[in-house]
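Working notes for the structure below.
Here is the naming used below: chain letters follow the sequence lines, and residue numbers restart at 1 for every chain. The figures here come from the full heavy-atom set of this structure, side chains too, leaving out hydrogens, waters and symmetry mates. Owing to the predicted nature of the structure, the values given are computational and were not obtained by experimental measurement.
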Amino acid sequence: MQELINAVSLGCIYMLFAMGMSLVWGTLDVLNFAHGSIFMFSAFSGFYLMQETGNSLPLAALLLVGVVVGALMSVLAYQLVLRPILRRAKDKDSAERQILIGGIGLAGIPVAIVQIQTLSNPFSFRAGSFEVASYDFLGARISNIQIVIWVVGVLLGTAVVLWLRRSRSGLALRSIGVDSEVASLMGIDQGRLGVAAMAVAGGMAGLSGALLCVSFGALTAESGDVLLLKAFAIIILGGVGSMLGTIIGAFFLAGAETLLIANTSGTWVDAVSFGLLFLVLLVRPQGILGRQEVRRT
Amino acid sequence: MLEIDELHVSYGKVRAVRGVSLAARPGRVTLVLGANGAGKTTTLRAVMGLQSVDSGRVRVDGTDITGKDTHKVVRAGVSLVPEGRRVFAPLTVEENLLLGGYSTSATDRADTLQKVYGMFPILSDRRDGAAGLLSGGEQQMLAFGRALMSRSKYVLMDEPSMGLAPSVVQTVLMTAREIADSGIGVLMVEQNAEAGLQVADEVVAISQGEVGFTGDVAAARADRAILRAFLGESALSN
Amino acid sequence: MTQHTVPPTVAEPASALVLDARDVAIHFGGVKAVDGVTMEIAEGKIFGLLGPNGSGKSTILAGITRLVPLKSGSLTFDGRPYDDVPTFKLARWGMARTFQTVRLLGDLTVEQNILLGADVGRSSGVSRRAAATERKECVADVIDRTGLAKFVKWTPSELSYGVQRRVEIARAIVMQPRLLLLDEPVAGMTKSEKLEIAALLSDLRAQGLTQLLVEHDVQMMVDTCDHLYAMNFGKLIGEGVPADVVKTPAVQEAYMGKGWRADA
Amino acid sequence: MSAWYDAHLILVQATFISFLVALSIQFPMRMGVFSFAGVANYALGAYTAAIVVVRSDEIVSPVVSVGAGVLVAVVVSLILALIVRRLRGLYLAMATISVSLIVQVIAFNGGELTGGASGMFGVISDLTIGSVIVVCVVAAGILTWTERGTLGRRIDAVRDDPELAVSMGINVNRYRLVAFVGSGVFGSLAGGLEVLLRSTISPVNVGFSLVVTALTIIIVGGYRSWVGAAIGAVIVTWLPFYLQAMERYQQVIYGLFVVVAAIFVPGGLLGIADQARRRLVRRQLEHEDQEAAAEQDAGGAAVVDAVGASRKEEAR
């Protein structure tokens with residue numbers, strides 16, 4: 001039972017992180033390799049402010065900092081680097097390659113800054129102004145922070161799915177993913193929608209960074225890189241472009257990892273996602289819920 | 001009136017469109033003829049802001065839209081039915097149509113949707129199905145419907161009959177005629193010259209990036225050069 | 001179904017078949033892109049393949065070159081069945097092709113692009129050095145014949161579409177193929193460019209090169225080809241002497257649409 | 001000179017090793033294989049060599065220890081090539097990054113064999129920088145041969161248009177296999193030689209930052225030729241030394257380099273040089289061939305729609 005609670009909490013964080021990445025990959029054709037360091041840097045910004053203010057920040061403010069910093073970084077990455085690459089690339093293949101390379105370069109910058117600032121030590125929100133309380137829940141313990149994670153996860157997960165499914169701008173975003181030129185012929189302003197999508201993605205990454213840092217104690221400068229590859233595994237597992245697939249993938253991976261941690265020393269935990277990724281790429285590259293091309297000639 | 005005035009467009013070092021002037025008027029079908037590579041598609045793309053313009057002007061009812069971003073051109077009242085239809089295959093028919101009306105108000109959108117369904121009952125029947133599962137002719141209807149959803153005053157059509165079964169070509173072009181009859185200005189690029197002439201009011205012939213002929217259908221049919229280039233003298237003219 | 005309406009081709013000596021495609025079917029998912037097509041390409045002639053967009057022309061070309069797998073049917077090249085031979089080996093056997101869209105390597109010059117064709121390893125037993133000089137001569141000769149001498153040091157992006165097309169054909173000819181497959185080589189060309197290409201192809205035929213030409217331009221097909229296949233919806237709808245094939249009602253309807261005859 | 005050399009020995013060594021690491025990613029890239037398995041190969045080469053040296057009672061020749069690493073890496077690369085043969089582009093890139101990180105996790109968890117998180121020490125050998133230079137020169141020689149004439153053109157074709165390549169009689173799959181094996185050889189050589197020079201290795205050395213460094217070298221220098229990797233290796237190794245401010249912010253500046261190059265000069269410094277040379281040639285040509293240019297223009301209009309149409313085809 002305790003494992004289940006932990007797995008769901010971890011799954012919520014994975015989901016928030018991976019959904020944002022999946023959102024911009026499926027629609028804007030941006031596989032943002034810097035997504036992981038945005039996650040990490042947002043959490044670090046919270047940590048930094050916390051120190052500066054003498055540990056007086058409430059939890060809500062910490063999360064807010066994560067969201068704002070994440071959204072800001074994501075939008076900047078898009079406007080300054082990723083969008084210019086997309087615009088200048090001579091074909092789809094080289095765009096893909098340059099986006100990945102540019103993203104790797106971008107990802108290195110915050111990581112290096114935090115390494116310098118922390119001297120490569122882990123950082124954490126030690127007891128701040130908020131208290132960690134635990135409650136009995138069906139024979140297991142659940143902390144108030146885990147409850148926050150569940151609530152935020154469910155609310156945001158649903159909101160993003162509904163946004164894409166039901167709203168006018170969500171529909172427009174999906175159409176960009178199918179054929180961006182025709183989307184502009186529909187009168188859709190891709191610049192603005194792209195920024196909005198990147199902001200949502202970055203905000204979710206920042207939020208998940210703050211939440212993970214609060215609930216699991218500490219992060220390091222490199223935490224984002226590992227999480228990025230985990231999210232890639234999750235997205236591939238669920239199928240690129242499928243939000244539902246991403247959600248399922250996130251909880252699946254969280255479950256598998258939690259089981260492994262419960263039964264071993266836990267040092268192999270990172271290998272789970274990479275192994276899983278490998279397996280999916282080999283057996284079913286389009287993912288569990290990946291869409292098959294719908295076409296008729 | 002949609003006016004294209006002395007338009008020049010180049011692609012890298014190649015001058016693709018060299019001083020093309022033509023116009024589309026409400027309620028009329030203007031047919032643009034020209035061989036592959038004559039610069040027709042480039043002209044349409046330049047009007048829509050999908051291609052940058054070297055010089056020249058594009059005006060919609062007097063408003064200059066030259067070089068505007070595509071979404072602004074659409075908002076100014078011009079839409080394009082692209083070559084090869086390019087419906088959003090994984091999205092439903094209704095979603096495709098709603099996207100067409102992206103820049104209109106919610107009430108207008110609902111209104112126009114009903115009108116489009118009335119015009120194309122087949123789309124109404126298939127509204128929840130994926131657009132990619134429609135037949136070629138149905139997809140062309142969807143592409144038309146999608147353009148109508150924007151409530152544009154001018155609709156540009158790039159090769160609407162391309163790749164369609166012959167029996168469907170007539171239906172599609174008649175639909176283009178109906179669209180014009182409802183008061184919209186249609187500017188149509190069409191390879192199938194004969195079929196195109198049957199629904200057109202005015203004809204513009206482009207060759208190597210320049211306008212070679214402008215006139216009404218009767219004049220076009222009387223023009224020997226047009227006949228030779230687009231209609232006859234092939235092995236089929238038995 | 002239109003087979004009997006086509007007059008029987010003039011009896012010709014049974015020349016060797018360069019390519020024998022028998023009952024070829026190619027399916028994508030549930031779509032029957034090519035559905036039981038038989039083509040017999042005899043030596044030294046230009047064969048044409050006509051059909052509207054989406055009729056399966058390009059697909060059958062991909063099948064013949066083994067870029068897509070066949071659902072059923074058999075393929076024989078110079079008497080050798082090649083149902084399980086990879087594409088690159090076919091090229092070495094002497095099957096060369098051009099593509100529907102221009103596919104030149106943008107970072108190489110015209111000369112280097114053509115040399116790529118000369119590199120195909122069809123060793124003839126000559127010593128390496130001799131082969132190299134022979135190759136050079138062959139390349140120079142082809143460049144000359146295709147009128148590309150002026151452009152050898154240019155890169156593809158600096159060339160007009162018509163010239164790019166000629167480079168592609170030159171690259172294929174340099175392979176010294178047994179069979180040349182041309183996928184819409186004159187699409188998007190001006191009239192004069194088309195005539196140039198047509199003359200080039202006839203010239204190659206005079207030298208004994210067998211060709212299969214996929215094209216839209218009816219006039220060019222009639223003028224250039226010795227034998228014409230017409231396709232629609234993945235099936236053959238006519239075959240025979242080009243001028244006759246294009247007159248059959250099935251082809252006219254498929255290609256020109258209904259109502260064409262009434263007004264022409 | 002000798003004093004200078006002694007003082008800068010470590011940087012000289014690092015330059016050659018970085019060159020080899022970069023080649024392990026650049027070599028497959030040139031054949032259109034976007035693989036980061038080079039970093040895994042580096043780890044395999046380093047750890048195998050270290051294990052051989054440390055576990056053996058006698059003194060082991062560098063040829064044996066580094067050779068063992070190369071052997072292991074090549075075998076693993078061949079297996080990997082078979083496993084991922086259906087993957088392309090991004091998927092291949094991410095899968096191979098994963099492989100590299102799996103190798104790192106294994107190194108962490110190897111217990112006594114790999115020394116766990118603290119890694120391995122005391123990998124003593126008589127390897128000299130001279131041997132490393134010889135290895136690099138031989139590598140450059142072989143690569144020069146692959147970049148010229150027939151082979152060079154074929155590799156260009158395999159990278160830029162595999163479907164065209166097979167139609168020209170090129171066995172693309174074999175080239176892809178060679179790409180993986182080459183990555184194995186270069187990567188494991190870099191790892192094996194470096195561990196013998198520095199005498200230690202730990203999991204931290206074989207992680208994601210090595211991917212970034214290798215990529216920086218290639219992107220700054222240019223991915224089309226080993227010369228690009230050489231230029232990049234020199235810059236990336238020596239710039240931080242000369243720019244004192246850079247020492248601390250080295251990784252930050254690498255990141256900026258990569259970003260700027262990815263946007264503005266995807267061909268790297270070598271690409272810029274290439275473009276300049278081409279512009280010169282073109283200027284000469286334009287003088288000579290006015291008539292050719294005139295002829296160009298006449299047929300010019302045809303280009304456009306066809307180009308537009310093919311673009312659209314691709315987009316679909």
Side-chain angles (χ1 to χ4, degrees), chain A residues 22 25-29 79 83 86-92 161-197 239-245 286-287 289-297, chain B residues 12 44-45 47-51 68-92 94-106 109 129-139 143 146-147 149-152 155-156 158 163-164:
Chain A
S22 178
W25 188 12
T27 57
L28 308 179
D29 267 344
Q79 292 291 51
R83 199 147 175 248
L86 281 176
R87 217 181 283 146
R88 298 168 66 106
K90 61 176 193 284
D91 55 48
K92 209 172 154 15
V161 169
L162 283 182
W163 178 45
L164 277 178
R165 286 266 138 244
R166 297 282 162 80
S167 79
R168 170 170 161 272
S169 56
L171 176 61
L173 206 52
R174 280 189 288 147
S175 78
I176 293 174
V178 181
D179 185 336
S180 65
E181 186 170 279
V182 177
S184 72
L185 285 171
M186 302 295 105
I188 294 164
D189 183 350
Q190 294 193 39
R192 260 175 53 190
L193 261 186
V195 166
V240 179
S242 163
M243 280 298 149
L244 202 60
Q286 74 272 33
L289 293 181
R291 55 174 175 229
Q292 297 273 19
E293 282 289 286
V294 186
R295 189 182 288 164
R296 172 166 155 185
T297 28
Chain B
L44 297 193
R45 290 175 62 82
V47 171
M48 296 310 296
L50 294 171
Q51 185 85 57
K68 284 249 164 69
D69 285 344
T70 306
H71 61 95
K72 288 182 182 147
V73 175
V74 175
R75 273 166 217 181
V78 186
S79 54
L80 170 69
V81 180
E83 186 182 333
R85 299 168 280 283
R86 291 169 82 178
V87 298
F88 297 107
L91 306 186
T92 66
E94 182 147 313
E95 284 174 332
N96 268 271
L97 291 173
L98 291 174
L99 280 165
Y102 181 77
S103 36
T104 61
S105 74
R109 205 154 53 233
L133 295 175
L134 298 177
S135 75
E138 288 161 358
Q139 288 190 12
R146 201 172 57 177
M149 286 295 296
S150 67
R151 299 195 149 198
S152 291
V155 176
L156 318 182
D158 196 354
L164 293 182

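For the options B:M149, B:R146, B:K72, B:E95, heavy-atom pairs under 4.5 Å to chain A are most numerous at B:E95.
A:M243 has its side chain out of reach of A:W163: every pair of non-hydrogen atoms, C-beta onward, lies at least 4.5 Å apart. Two residues are said to be in side-chain contact when any heavy atoms from C-beta on lie closer than 4.5 Å; B:R109 and B:L98 meet this criterion. With a 4.5 Å cut-off on side-chain heavy atoms, A:L185 and B:L50 count as touching. A:I176 has its side chain within reach of A:S180: a pair of non-hydrogen atoms, C-beta onward, lies under 4.5 Å apart.
With a threshold of 4.5 angstrom between heavy atoms, B:S103 approaches chain A through its backbone and through its side chain. Interface residue B:L99: backbone and side-chain heavy atoms are both found under 4.5 Å from chain A.
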